[in-house]
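Read the structure below first, then the notes.
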Number of protein chains: 2
Amino acid sequence: MIGRTHECGKLGEEHVGERVQLKGWVQRRRDLGQVIFLDVRDRSGIVQVVFNPEVNQEALTTAERVRNEYVIEVCGNVVARDPKTVNEKIATGSIEVHVEKISILNASKPLPFQIEADTDASEDVRLKYRYLDLRRPDMQETFKLRHRTTKLIRDFLDTETFMEIETPMLTKSTPEGARDYLVPSRVHHGEFYALPQSPQLFKQLLMVSGFERYYQIVRCFRDEDLRADRQPEFTQVDIETSFMDKEDLIAMMEKMMEKILKEIKGVDISLPFPRLTYDEAMNRFGSDKPDLRFGMELIELSEIVKDSEFKVFQSALASGGTVKGLNLKGGADKLSRKEIDALTDYVKQYGAKGLAWLKVEEEGLKGPIAKFFTGEVATSLQEALGAEVGDLLFFGADKKQVVFDSLGALRLKFGKQFDLIDKSQFNFLWVVDFPLVEYDEEAKRYVALHHPFTSPVEEDLALLATDPASVRANAYDLVLNGYELGGGSQRIYQSDIQEQMFKALGFSEEEAREQFGFLLEAFEFGTPPHGGIALGLDRLIMLLAGRTNLRDTIAFPKTASASDLLTNAPGEVSVEQLIDLNLSIIGRKSEKVNV
Amino acid sequence: MIGRTHECGKLGEEHVGERVQLKGWVQRRRDLGQVIFLDVRDRSGIVQVVFNPEVNQEALTTAERVRNEYVIEVCGNVVARDPKTVNEKIATGSIEVHVEKISILNASKPLPFQIEADTDASEDVRLKYRYLDLRRPDMQETFKLRHRTTKLIRDFLDTETFMEIETPMLTKSTPEGARDYLVPSRVHHGEFYALPQSPQLFKQLLMVSGFERYYQIVRCFRDEDLRADRQPEFTQVDIETSFMDKEDLIAMMEKMMEKILKEIKGVDISLPFPRLTYDEAMNRFGSDKPDLRFGMELIELSEIVKDSEFKVFQSALASGGTVKGLNLKGGADKLSRKEIDALTDYVKQYGAKGLAWLKVEEEGLKGPIAKFFTGEVATSLQEALGAEVGDLLFFGADKKQVVFDSLGALRLKFGKQFDLIDKSQFNFLWVVDFPLVEYDEEAKRYVALHHPFTSPVEEDLALLATDPASVRANAYDLVLNGYELGGGSQRIYQSDIQEQMFKALGFSEEEAREQFGFLLEAFEFGTPPHGGIALGLDRLIMLLAGRTNLRDTIAFPKTASASDLLTNAPGEVSVEQLIDLNLSIIGRKSEKVNV
């Protein structure tokens with residue numbers, strides 16, 4: 001094999017007259033009988049090569065056998081194209097290569113779909129033939145972007161004196177958080193490792209070790225039922241620091257994001273990022289990761305409607321709930337009665353029992369519940385909602401969380417449906433002052449909203465024993481365009497506060513010791529104040545690449561049922577493997593494994 | 001918390017007169033009554049801070065409560081030390097900080113061992129308190145070296161236009177190679193993922209995808225019985241390229257190693273690295289990863305002794321084996337008869353039935369078997385072995401592999417025992433022309449020496465069907481100081497050759513399709529010629545750091561029984577977790593999990 005002299009996409013007029021050797025894939029073939037044109041593609045781009053009996057008959061004969069996606073090696077001279085045949089669409093369009101010699105390095109069967117930016121192949125077919133899907137130019141671009149972003153993050157953190165330190169993948173199952181993926185031990189009968197949901201414990205231990213600035217771009221695992229924007233294994237930019245406080249860390253992350261946006265997208269973003277408290281984010285946008293690229297805020301109406309005779313509002317307020325409204329500007333003409341009714345089903349997914357609405361017409365409010373809102377109340381309602389003729393008003397009345405969830409979802413739905421979102425924007429914000437814990441109805445105890453090592457805000461410390469739900473966490477989530485990009489917090493570093501926290505979470509001292517004993521013990525040997533953050537790399541890449549499907553940012557992703565359609569993982573294993581692990585399968589398939 | 005102004009280890013005479021704020025751990029405390037000295041340590045180093053009533057009485061009072069490994073914050077002035085009290089042993093020894101204010105950020109219990117370069121704590125204690133062990137300066141240095149080496153590798157590969165692409169951790173179990181770690185699927189009843197032994201299949205698929213240059217620093221897993229230089233999870237610098245041949249790849253790797261040695265160790269190494277064929281390495285050093293930092297080669301003696309009357313030699317040769325010798329120069333005085341006898345037990349580990357030996361004395365050869373070697377045979381033996389008076393000669397006579405293994409091990413043992421190895425050397429070499437396959441007595445079939453995707457040397461292709469054992473692989477192992485640092489090869493990229501290979505390995509077409517069908521199918525869609533290499537990062541760091549224990553290069557390593565003594569992983573899991581996975585434990589502990 002002779003080495004190639006140039007990459008296809010990098011040839012230009014400056015190479016005219018040079019003899020070049022290229023290697024790549026046949027993107028397209030046009031056979032004009034006496035002349036054959038091939039578009040040859042490598043990872044740098046495409047160039048046209050020409051076979052013609054005046055240059056070399058043997059090469060032309062070989063080229064007749066070539067088909068799309070054959071791998072070839074060609075040797076020839078770079079020639080300027082006739083101005084009339086210049087192809088403006090490709091970077092190398094002003095030249096072509098007149099081929100003297102061609103070798104077919106490998107053949108290709110006809111493809112299940114074409115290698116083009118836009119494919120109409122189904123996602124299942126694309127995943128089964130992922131190696132072909134990855135040849136498509138938009139996928140190549142996404143993974144170049146991923147590589148460059150990753151490199152930039154590493155360089156930035158290296159400059160900030162962070163050290164990359166690797167933490168274990170085979171670790172211990174912990175009861176908090178999501179469901180663990182387990183790995184049976186062969187040596188330790190009946191025991192299991194767990195794959196990490198994050199390196200949380202280890203990165204805190206590294207702070208106890210005095211490394212001061214740790215980072216890792218690391219695979220994490222959650223065995224959860226999957227949504228479109230979740231994968232069973234995902235990649236996290238994991239950061240932990242000692243002796244840096246919340247403001248130091250936030251400023252550093254903003255600097256990193258500024259650099260990424262500038263170098264990867266050529267976009268200037270302004271610092272510092274805005275901040276919203278959790279309460280404000282929920283009240284105004286119904287979400288702890290609000291998309292601020294458009295308005296349409298949720299408006300508090302409880303006070304205005306408290307005396308109305310509409311029973312739905314009354315009972316919501318009577319049971320401690322809230323009433324909020326949303327104004328779809330000019331919506332009266334945009335949605336039919338049928339479409340409005342369908343929205344009721346939509347909000348029911350979020351726990352709402354129904355969806356009240358009103359149209360604003362010249363004559364006043366119209367709609368099934370208009371009769372309950374007349375006179376001053378109607379005026380106040382319209383004022384509060386900034387309602388004008390032609391607007392469509394929606395109402396949520398229920399427990400606070402249900403109103404947040406349903407109207408928040410409705411807001412996003414309208415934003416997309418009516419194109420209210422400026423897609424060129426990269427809109428960052430921090431959400432702060434999260435509750436430290438929330439009550440889990442099922443477990444009948446408080447659970448940590450972030451994780452049990454998140455520090456309470458200092459002023460709220462005393463409340464931890466008496467009123468945990470009102471304690472704010474010293475935590476900060478980074479939000480980009482309505483996606484949670486990452487979550488950070490200052491950690492509890494004093495063992496007495498950590499013990500109080502476990503107590504608030506309903507752990508007995510024994511349970512806490514059993515689960516986290518090594519961490520509690522470590523905290524007794526001189527633990528520095530520390531904090532950190534974890535950013536979802538897959539999600540960041542998705543947003544930078546302007547994509548909406550997380551799977552397009554992962555080379556070999558899994559489906560919603562956590563399958564790999566390419567390799568057919570997971571799969572059955574041999575009886576010998578199960579015996580080695582002292583396991584048997586119960587239920588449906590047990591007859592297959594006679595152990 | 002006020003930010004720190006300087007790192008401890010970076011203070012020097014240029015800071016004299018400045019007011020500084022430091023944060024760190026108390027390395028040492030000397031209480032002289034009216035004056036207290038603390039050595040404060042952060043990750044940059046150590047500085048002495050002084051408490052003294054003339055500067056601040058309150059600070060002195062607080063300092064009285066401070067003990068080793070407390071985390072403190074101090075504020076004070078940098079003062080030049082009296083020339084008589086300058087401490088040459090530490091970088092900051094010419095100055096000290098006179099403290100005006102101290103805050104205790106956290107206390108520490110007395111430590112189970114001291115934070116010193118040399119510790120006499122057992123490895124088990126060090127692993128249990130790993131977070132303290134990692135505070136020791138030599139461990140900190142090792143992980144700094146690991147970070148810098150990793151960064152350098154990434155930068156080098158980025159410059160060489162490699163892209164970092166991540167491959168899955170939850171993948172499919174394959175029957176070839178080592179034992180897989182399995183991960184039960186909750187969604188797919190009775191099915192399992194496997195953790196990757198390497199991203200081999202995925203990196204080849206990325207070549208089919210046209211990425212051309214891929215790299216990843218990636219965790220790999222092998223559920224094997226562990227030796228001192230193995231870990232169940234280990235990190236690999238994984239590289240794959242298209243359109244680069246063996247010489248291109250070897251040259252690039254040499255350039256990378258040259259850069260690492262230069263920048264990390266300040267050592268110049270000469271390129272190109274020497275190469276040995278597999279046969280030569282085995283014959284001369286009894287190893288496919290020979291340590292060339294010293295001589296003492298194995299000497300072929302079969303021809304010389306073929307007519308001797310020593311039955312052991314005769315029967316070895318008669319059954320197709322070999323006789324080789326090893327000369328321990330001046331060994332006659334170095335080893336007692338008892339020690340020589342003990343070596344017999346040593347070589348028995350490697351399958352040898354015994355160990356013949358001879359001393360070279362003024363009067364000739366002496367020892368139990370001397371009577372068999374007299375006259376011309378004795379002379380020839382001595383000549384072949386370069387034997388002089390005072391030397392001690394050892395002989396191996398058995399099947400070739402047994403002779404290689406036992407004398408190769410003996411050679412290394414002597415090299416260490418008698419300090420024949422220049423430890424300052426970084427001795428690289430390539431071992432090439434490995435056999436493609438070897439016969440597995442247990443499985444009664446050929447198995448791939450590297451993996452089933454390794455390309456045969458082109459000239460040997462025809463032998464694949466008729467005499468697989470004689471086919472050489474287009475493979476190259478990189479060896480450093482007697483350790484296999486990595487293995488690379490050109491891959492089979494033509495599906496017909498891949499099918500021949502599977503046939504040689506005794507796979508039916510159906511078995512091959514079932515296990516590797518997706519790869520065989522991928523190869524039909526225009527696969528470029530490709531090859532790659534994988535380097536063991538942990539091992540590279542171990543050698544660069546001048547260490548001998550692989551565990552010292554991994555932040556949270558596992559013991560020989562694959563346990564993590566810090567977190568107590570693996571551990572038992574709940575019955576609910578097992579039910580979720582449709583698993584039950586068979587045998588000893590099954591009564592605990594009543595499913």
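Below, chains carry the letters A, B, ... as their sequence lines are ordered, and counting in each starts from 1.
Counting heavy-atom pairs closer than 4.5 Å to chain B, the top-ranked of the candidates Gln494(A), Arg135(A), Arg41(A) is Arg135(A). Contact count versus chain A (heavy atoms, under 4.5 Å) is highest, among Ala555(B), Ala522(B), Ser173(B), Ala562(B), for Ala522(B). When Glu524(B), Glu69(B), Arg148(B), Lys558(B) are compared by the number of non-hydrogen pairs under 4.5 Å with chain A, Glu524(B) comes out ahead. Counting heavy-atom pairs closer than 4.5 Å to chain B, the top-ranked of the candidates Gln140(A), Arg213(A), Met207(A) is Gln140(A). Heavy-atom pairs under 4.5 Å with chain B were tallied for Lys144(A), Arg179(A), Met139(A); the largest tally goes to Arg179(A). Chosen from Leu519(A), Leu566(A), Asp248(A), Asp42(A), the residue pairing most often with chain B at heavy-atom distances under 4.5 Å is Leu566(A). Between chain A and the residues Leu201(B), Thr167(B), Thr150(B), the largest count of heavy-atom pairs under 4.5 Å involves Thr167(B). Your options are Asp564(B), Thr171(B), Leu205(B), Asp223(B), and the one with the most heavy-atom pairs under 4.5 Å with chain A is Asp223(B). The candidate from Ala569(A), Gly210(A), Ser209(A) with the greatest count of non-hydrogen atom pairs under 4.5 Å with chain B is Ser209(A). Annotation: maximal heavy-atom pairing with chain A below 4.5 Å, among Arg219(B), Arg186(B), Lys128(B), occurs at Arg186(B). For the options Ser561(B), Pro110(B), Ser242(B), Ser185(B), heavy-atom pairs under 4.5 Å to chain A are most numerous at Ser561(B). In terms of heavy-atom pairs under 4.5 Å with chain B, the best-connected choice from Glu233(A), Lys172(A), Arg67(A) is Glu233(A).
Looking at Ile72(A), neither its backbone nor its side chain comes within 4.5 Å of chain B, counting heavy atoms on both sides. In this structure, chain B has heavy atoms under 4.5 Å from both the backbone and the side chain of Lys109(A). For a residue to count as touching a neighbouring chain, one of its non-hydrogen atoms must lie under 4.5 Å from one of that chain's; by this rule Ile554(A) does not touch chain B. Contact annotation for Leu537(A): only side-chain heavy atoms (C-beta onward) come within less than 4.5 Å of a heavy atom of chain B. Ile165(A) touches chain B through its side chain: at least one heavy atom from C-beta onward sits under 4.5 Å away, while N, CA, C and O do not. With a threshold of 4.5 angstrom between heavy atoms, Asp155(B) approaches chain A through its backbone and through its side chain. Heavy atoms closer than 4.5 Å to chain B are found in the side chain of Arg146(A), but not in its backbone. Neither the backbone nor the side chain of Ile115(B) comes within contact range of chain A, judged by heavy atoms closer than 4.5 Å. Neither the backbone nor the side chain of Glu576(A) comes within contact range of chain B; no heavy atoms are under 4.5 Å apart. Looking at Phe211(A), both its backbone and its side chain come within 4.5 Å of chain B, counting heavy atoms on both sides. Both the backbone and the side chain of Thr161(A) come within less than 4.5 Å of a heavy atom in chain B. Both the backbone and the side chain of Asn568(A) come within contact range of chain B, each with at least one heavy atom under 4.5 Å from a heavy atom of that chain. Using a 4.5 Å cut-off between heavy atoms, Pro557(B) does not touch chain A at all. Asn68(A) does not touch chain B: none of its heavy atoms, backbone or side chain, sits under 4.5 Å away.
Contact of the Gln204(B) side chain with the Thr527(B) side chain is not registered, since no non-hydrogen atoms from C-beta on lie closer than 4.5 Å. Looking only at side-chain heavy atoms (C-beta outward), Met163(A) and Tyr215(A) stay at 4.5 Å or farther from each other. Here the side chains of Ser584(A) and Ser584(B) are in contact, with some heavy-atom distance below 4.5 Å.
Comment: Arg154(B) engages Glu164(B) in a salt bridge, judged by a side-chain N to carboxylate O separation of less than 4.0 angstrom. Between Arg4(A) and Glu73(A) there is no salt bridge, since none of the side-chain N atoms of the basic residue sits less than 4.0 Å from a carboxylate O of the acidic one.
Taking the six-membered ring where the residue is Trp, Tyr131(B) and Phe525(A) present tilted rings, their angle falling between 30° and 60°.
With sequence neighbours left out, Thr149(B) forms a side-chain contact (heavy atoms from CB on, under 4.5 Å) with Leu145(B), Ile153(B), Ile260(B), Ile264(B), Leu540(B), Ile541(B), Leu544(B). Scanning for ring pair (Phe, Tyr, Trp, His ring centres under 6.0 Å) contacts around Phe202(A) gives Phe556(B), with sequence neighbours left out.
Atom CD of Glu224(B) has more than 12 heavy atoms from other residues, nucleotides or ligands within 6.0 Å.
Here the shortest heavy-atom pairing between Tyr214(A) and Phe162(A) reads O-CD2, 3.3 Å. In plain terms, the two heavy atoms of Phe221(B) and Leu195(B) that are nearest each other are CD1-CB, 3.6 Å. The nearest pair of heavy atoms linking Pro528(A) to Val208(A) is CD-CA, 4.1 Å. Scanning both residues, Tyr181(A) and Tyr193(B), for their nearest heavy atoms gives CE2-CE1, 4.1 Å. Minimum heavy-atom separation, Leu182(B) to Ala194(B): CD2-CB, 4.1 Å.
In this structure a side-chain-to-backbone donor-acceptor pair under 3.5 Å is present from Gln577(B) to Ser574(B).
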